[in-house]
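We count ligands from 1, going down the list as the structure has it; atoms in each ligand are counted the same way.
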Amino acid sequence: MSVSKNYARIRREIPDHVTIVVSCKTRTPEEITEVIDAGATDIGENYVQEGGQIYSALKDAAKVRWHMIGSLQTNKINKALRIFDAIQTVESLPKAIAIDRRVERARKQRVPIYIEINIGSENSKAGVKPAEHEPFDDYIENLVRNISKLEHIRLEGLMTMGPRFGNPEDVRPYFRRTKKIFEKIKTLPLPNIDMKYLSMGMTNSYRVAIEEGSNMIRIGTLIFGERRYE
Ligand SMILES: *Cc1c(COP(=O)(O)O)cnc(C)c1O
C-alpha cells in the first residue's frame, strides 16, 4: 500500500478527535510530502538536525504543525524553536526553564510543551520515571506547579512511549496510569496550563492507547513501512 493510502486508512479507522502525529525519523522529504498531500496535519521528529533538513526541503512545511518527539539537548533548543511548534519531551524543571529562557530571548509567543512520562520507569528511555519519584502524584504536582510559573511556555499535555510488548494488551495498564496522571493535572487550579493532549500510542499500540483515552497517536511504521535504518 502507498503512504497516502496507509494514512487515509488510519484516519478513517480512528475517531475524529484523535490527532495523528506522523513520525518521520529516517524518512525522505518525498515520503513526507506524500503524507502531507494525503491530509496529514502534524509531523513528529526525533532529531533537531534531521527536522531542520526536512523542514527546509519541504515546500509545504509551514502548513503543518511540527512536534519534537525525541530527546532535546539544551544546546539544541534554539535551533529546535525555529522548527517546532510543540515540544513533547520535557522531562525536568531545568529543561522547562531552559526552553522558557530561550523562547523569551527569541521573543516568540508561548511555546506549547508536554511532559514526557516514562511510565514504565525504563532505563533505556527518556522521560520522568515514576519509580524514581514516589509518591509520584506529589512529585508531578510539584513539577507542574513550577512549570506553570514560567511565562514563555505553556503545558498542554503529556507524552509517553510505554514499554514495548509483543502483545499491545500488555501496555494497557501503563496507558491507563498515564491517563490518570493526565486527569489529575487537569484538576489543578493553575495558570498557564491547558491540558489538551494525551500523546500516547504508536504503530503497535495505538488502538489500545485510544481505548485508554489517548487523543494523539504518533505513527511511523504503519504509514511508511519498516524503517530502513535507525
Ligand atoms: C519512532 C517513534 C514513534 C513511531 O513509532 P512506530 O512504531 O514507527 O509507529 C512514535 N513516537 C516516538 C517518540 C518515536 O520515536
Side-chain angles (χ1 to χ4, degrees), residues 1-11 13-14 18-28 31-32 34-36 38 40-54 64-73 76 80 83-91 95 112-129 156-172 174-175 178-179 182 197-212 214-230:
M1 280 247 264
S2 70
V3 166
S4 54
K5 285 200 177 122
N6 290 339
Y7 178 82
R9 188 164 41 85
I10 303 165
R11 190 61 276 174
E13 179 197 322
I14 64 173
V18 178
T19 299
I20 303 171
V21 174
V22 179
S23 164
C24 286
K25 59 177 178 273
T26 78
R27 310 300 175 178
T28 64
E31 289 173 297
I32 299 163
E34 187 176 350
V35 78
I36 293 174
T41 53
D42 293 76
I43 300 291
E45 245 300 335
N46 292 65
Y47 310 105
V48 174
Q49 182 84 4
E50 188 179 80
Q53 282 162 1
I54 293 172
V64 292
R65 283 178 295 273
W66 289 76
H67 300 256
M68 180 58 179
I69 61 172
S71 297
L72 179 57
Q73 290 168 269
K76 301 232 169 95
I83 305 163
F84 296 102
D85 301 290
I87 295 174
Q88 298 203 4
T89 48
V90 174
E91 80 279 277
K95 190 59 69 67
I113 62 139
Y114 307 177
I115 295 173
E116 181 175 1
I117 309 280
N118 182 342
I119 196 65
S121 300
E122 296 170 279
N123 287 328
S124 59
K125 292 200 174 102
V128 188
K129 298 190 186 80
E156 292 197 352
L158 295 185
M159 188 274 244
T160 196
M161 299 263 280
R164 193 179 179 87
F165 297 108
N167 180 358
E169 269 307 314
D170 295 340
V171 76
R172 191 183 290 280
Y174 295 90
F175 286 164
T178 310
K179 165 76 166 167
F182 179 76
Y197 301 110
L198 180 54
S199 173
M200 66 183 189
M202 311 179 9
T203 289
N204 74 335
S205 60
Y206 72 96
R207 291 194 179 97
V208 173
I210 292 169
E211 283 167 12
E212 294 303 331
S214 166
N215 61 9
M216 181 176 275
I217 58 176
R218 308 177 309 273
I219 306 285
T221 307
L222 196 59
I223 294 171
F224 298 112
E226 291 296 329
R227 278 181 283 282
R228 289 171 293 269
Y229 57 92
E230 268 189 85

Around atom CZ of Arg11, are there more than 12 heavy atoms from other residues, nucleotides or ligands closer than 6.0 Å?
yes
What residues, two or more places apart in sequence or in another chain, satisfy side-chain hydrogen bond (donor to acceptor under 3.5 Å, both in side chains) together with Lys95?
Glu91
Contact atoms of ligand 1, heavy-atom distance to Ile219 under 4.0 Å:
9 (O)
Please report the shortest heavy-atom distance between Tyr174 and Ile119, naming the atom on each side.
O-CG1, 3.4 Å
In ligand 1, the atoms that come under 4.0 Å of a heavy atom of Met161 are 12 (C), 13 (C)
Could you list which atoms of ligand 1 come closer than 4.0 Å to a heavy atom of Arg218?
4 (C), 9 (O), 10 (C), 11 (N), 12 (C), 13 (C)
Is a side-chain donor or acceptor of Thr160 paired with a backbone partner of Ile117 at a separation under 3.5 angstrom?
yes
One finds that the ligand 1 atoms under 4.0 Å from a non-hydrogen atom of Asn46 are 14 (C), 15 (O)
If we only count N/O pairs under 3.5 Å, is Gly220 in contact with ligand 1?
yes
Below 4.0 Å from ligand 1: does a non-hydrogen atom of Arg227 turn up there or not?
yes
State, yes or no, whether a side-chain contact exists between Thr221 and Asn204 at a heavy-atom distance under 4.5 Å.
no
Any heavy-atom pair between the side chains of Ile210 and Ile217 that's under 4.5 Å?
yes
Find out whether Leu222 and Tyr206 are in side-chain contact, i.e. whether some heavy atom of one side chain is under 4.5 Å from a heavy atom of the other.
yes
4.0 Å heavy-atom contact, Leu222 with ligand 1:
no
Polar contacts were defined as any N/O atom of the residue lying under 3.5 Å from an N/O atom of the ligand; does this apply to Asn204 and ligand 1?
no
Suppose I only count heavy atoms of Ser23 and a 4.0 Å limit; which atoms of ligand 1 are within that range?
1 (C), 2 (C), 3 (C), 4 (C)
Going by side-chain contact (heavy atoms from CB on, under 4.5 Å), name the residues that satisfy it together with Glu156, two or more places apart in sequence or in a different chain.
Pro112, Tyr114, Arg154, Lys196, Tyr197
List every atom of ligand 1 that sits less than 4.0 Å from any heavy atom of Thr221, numbering the atoms from 1 in the order shown and giving each element.
6 (P), 7 (O), 8 (O), 9 (O)
Looking only at distances, can you tell me whether any N or O atom of Thr203, backbone or side chain, sits closer than 3.5 Å to an N or O atom of ligand 1?
yes
